[in-house]
Visitor: 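Sharing a structure, written as structure tokens. Questions coming.
Numbering of ligands and ligand atoms starts at 1, following listing order.
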Amino acid sequence: MPCMPGIGKKSGCDEMNDVAIVGIGCTPVGEPWNKSLREIAVESTWAAMNDAGVNEVDGLVVGNMSSGNFVDQESLGSLIADYAGLGNITAFKVEGACGSGGVAFRTGVMAVASGMHDVVCVTGVEKMTDVVGDSATKILANASDREYEAVHGVTFVGLNAMVMRRYMHDYNARREDICSIPVNSHKNAVHNKNAMFRREISLDSVINSPMVADPLSLMECAPICDGAASIILTTRERAKEFTDTPIIVKGSAVKVDTIGVHDRKNVTSMTATVEAAKEAYNMAKLTPKDMDTAELHDAFSIMGVIGLEDLGFVRHGKGAHFAAEGQIGIGGKLPCCTYGGLKARGHPVGATGVYQILELTKNLRGEGVVDAQNGIAQNIGGTGSTVSVTILGRDI
Ligand code: COA
């Protein structure tokens with residue numbers, strides 16, 4: 001049994017299982033006032049189990065950023081296993097801010113790769129819209145450095161606005177080019193029945209939408225919303241028991257950086273993305289040129305631009321131009337955010353990383369909006385303090 005090169009070597013193990021995705025499921029992203037966190041989590045868990053044709057799993061990893069603050073509920077491993085009827089299995093929650101979904105996926109991959117678990121469900125869930133006023137913004141800011149950033153009133157929109165201002169200064173980048181990121185995401189969301197905003201927006205409407213934190217406008221920011229997404233993982237060897245189209249986890253990495261943006265030498269590149277991408281590409285024995293599609297963490301327009309650069313698709317300073325040329329559109333050189341990305345599908349923070357993997361899986365199975373052999377997903381927590389990079393490919 002071949003080992004996953006990266007994980008196997010690092011852990012000192014010679015033998016690690018290859019890991020495959022055999023089931024996917026999710027709820028529509030939006031503001032489901034009539035459903036609780038547990039209901040959407042169970043709905044997506046059952047949808048993924050149904051897709052895989054399994055009626056039991058031996059592990060559940062929940063990705064969630066802040067259920068204790070958003071809905072006054074913790075202990076999500078037990079809660080979701082209980083209400084999904086999964087019995088006395090291994091179940092727990094992991095957290096990596098807005099990157100919690102990607103961290104949960106990585107945890108599930110480690111569980112199956114190590115051989116400690118056989119069939120694992122990864123469920124990302126967040127219910128953000130049950131709090132009122134500015135509470136969601138305050139809760140999100142808990143993932144920044146509270147003593148040095150949030151305490152002074154800076155929000156995530158504010159931090160990203162500063163990164164964008166610096167980027168525009170360093171690379172003489174045009175705001176209208178950066179704004180083509182949300183235009184692309186909205187265009188792709190039209191075809192996604194699970195997306196929050198299923199409508200196209202023009203470049204002018206992005207540029208002229210209300211300013212939130214200069215230079216970031218409303219239409220450059222992902223919304224506050226609710227959603228849950230789930231993935232079923234098993235070994236490559238067992239995958240064919242469940243599906244004719246298993247999707248292989250070829251590379252998987254999570255890296256961290258300083259929590260405070262002010263402690264970085266360079267704020268226009270995210271070292272955690274660069275390092276995670278390096279490890280994931282090495283593990284997969286693939287390069288950026290082998291990627292047919294990319295799910296970028298476009299929570300803010302500028303994050304999409306920097307993601308293109310940090311994942312190695314273009315040189316630093318060239319991401320905005322690449323997007324503005326239409327290269328990230330469906331039919332372009334590298335279709336990105338093919339189901340609407342964080343901006344238009346929506347960004348229920350702890351669930352986002354799992355939605356990305358689900359969308360990539362659809363494209364790789366041949367039932368999506370692009371026909372891909374290999375694809376990559378990048379999920380960011382904070383302003384790049386925790387980043388996961390996942391490379392998936394067809395089983396060929
Ligand atoms: N994109 C498009 N439309 C949006 C939107 C968004 N991001 N956010 C809100 N809207 C729409 C709403 O649907 C609403 O439309 P309606 O009047 O037709 O119903 C309108 O704009 C006003 O919505 P409201 O909820 O009052 O917006 P807001 O001013 O409270 O919040 C933001 C807007 C951008 C500040 C908020 O969405 C936000 O903070 N986003 C960033 C979230 C974040 O930091 N996530 C983590 C990143 S890693």
Visitor: Should one rank Gly384, Gly133, Ala222, Ser217 by closest heavy-atom distance to atom 42 (C) of ligand 1, which comes out on top?
Guide: Ala222

Visitor: With a distance cut-off below 6.0 Å to the six-membered ring centre and an angular limit of 45° from the axis, does Arg345 pair with Tyr339 as a cation-pi contact?
Guide: no

Visitor: Answer yes or no: are there more than 12 heavy-atom neighbours, outside Glu367 itself, under 6.0 Å from its atom CD?
Guide: yes

Visitor: Suppose we measure from atom 43 (C) of ligand 1 to each protein heavy atom; which comes out shortest, and what is that distance?
Guide: Leu140 CD1, 3.5 Å

Visitor: Before signing off on this row, confirm whether Cys98 and ligand 1 have an N or O atom pair separated by under 3.5 Å.
Guide: no

Visitor: Please check if Met270 and Phe300 belong to a single hydrophobic cluster, counting links between Ile, Leu, Val, Met, Phe, Trp and Tyr side chain heavy atoms closer than 4.5 Å.
Guide: yes

Visitor: Just to confirm, does any protein heavy atom lie below 4.0 Å from atom 8 (N) of ligand 1?
Guide: yes

Visitor: Is Lys343 in contact with ligand 1, taking contact as a heavy-atom separation below 4.0 Å?
Guide: yes

Visitor: Surrounding NE2 of His316 (heavy atoms of other residues, nucleotides or ligands, distance under 6.0 Å), is the total greater than 12?
Guide: yes

Visitor: Measuring only between side-chain heavy atoms, which start at C-beta, is Glu309 closer than 4.5 Å to Phe313?
Guide: no

Visitor: In the complex you have, is atom 11 (C) of ligand 1 within reach of the protein, judged by whether a heavy-atom distance drops under 4.0 Å?
Guide: no

Visitor: Note the single closest protein heavy atom to atom 47 (C) of ligand 1, along with its residue, its atom name and the distance in Å.
Guide: Phe300 CE1, 3.6 Å

Visitor: Using every non-hydrogen atom in the two residues, find where Ala136 and Met128 come nearest and quote the distance to one decimal.
Guide: CB-O, 4.3 Å

Visitor: Check ligand 1 against Met219 and write out every atom of the ligand that is under 4.0 Å from a heavy-atom position of the residue.
Guide: 2 (C), 3 (N)

Visitor: Given 3.5 Å as the limit, does a donor-acceptor pair link the side chain of Asp58 with the main chain of Asp118, or not?
Guide: yes

Visitor: Do any non-hydrogen protein atoms sit less than 4.0 Å from atom 17 (O) of ligand 1?
Guide: no

Visitor: Establish whether atom 1 (N) of ligand 1 and some protein heavy atom are separated by less than 4.0 angstrom.
Guide: yes

Visitor: If the cut-off is 4.0 Å to any non-hydrogen atom of Pro223, which atoms of ligand 1 fall inside it?
Guide: 7 (N), 37 (O)

Visitor: Among all protein heavy atoms, pick out the one at the shortest distance from atom 39 (O) of ligand 1; state its residue, atom name and that distance to 0.1 Å.
Guide: Ile224 CD1, 3.9 Å

Visitor: Given Thr352, Thr129, Leu218, which one has a non-hydrogen atom that is nearest to atom 32 (C) of ligand 1?
Guide: Leu218

Visitor: Looking at Asn266, I want to see if its CG is surrounded by more than 12 non-hydrogen atoms of other residues, nucleotides or ligands under 6.0 Å.
Guide: yes

Visitor: Are any of the N or O atoms of Phe197 closer than 3.5 Å to those of ligand 1?
Guide: no

Visitor: Does the protein come close to atom 20 (C) of ligand 1 - that is, does one of its heavy atoms sit below 4.0 Å from that atom?
Guide: no

Visitor: Do protein heavy atoms approach atom 37 (O) of ligand 1 to less than 4.0 Å?
Guide: yes

Visitor: Work out which heavy atom in Glu126 is nearest to a heavy atom in Asn64; give both atom names and the distance.
Guide: OE2-ND2, 3.1 Å

Visitor: At less than 4.0 angstrom from any non-hydrogen atom of His347, what atoms of ligand 1 do you find?
Guide: 45 (N), 46 (C), 47 (C), 48 (S)

Visitor: Answer yes or no: are there more than 12 heavy-atom neighbours, outside Glu56 itself, under 6.0 Å from its atom CD?
Guide: no

Visitor: Could you tell me the residue and atom name of the protein heavy atom closest to atom 6 (C) of ligand 1, and the distance to it rounded to 0.1 Å?
Guide: Cys221 O, 3.5 Å

Visitor: Nearest protein heavy-atom contact for atom 35 (C) of ligand 1: which residue, which atom, what distance?
Guide: Val212 CG1, 3.9 Å

Visitor: Are Val183 and Ile207 connected in the hydrophobic side-chain network, where two residues link if heavy atoms are under 4.5 Å apart?
Guide: yes

Visitor: Taking all heavy atoms of Gly340 and all of Asp298, pick out the closest pair and write down the distance.
Guide: O-OD2, 4.3 Å

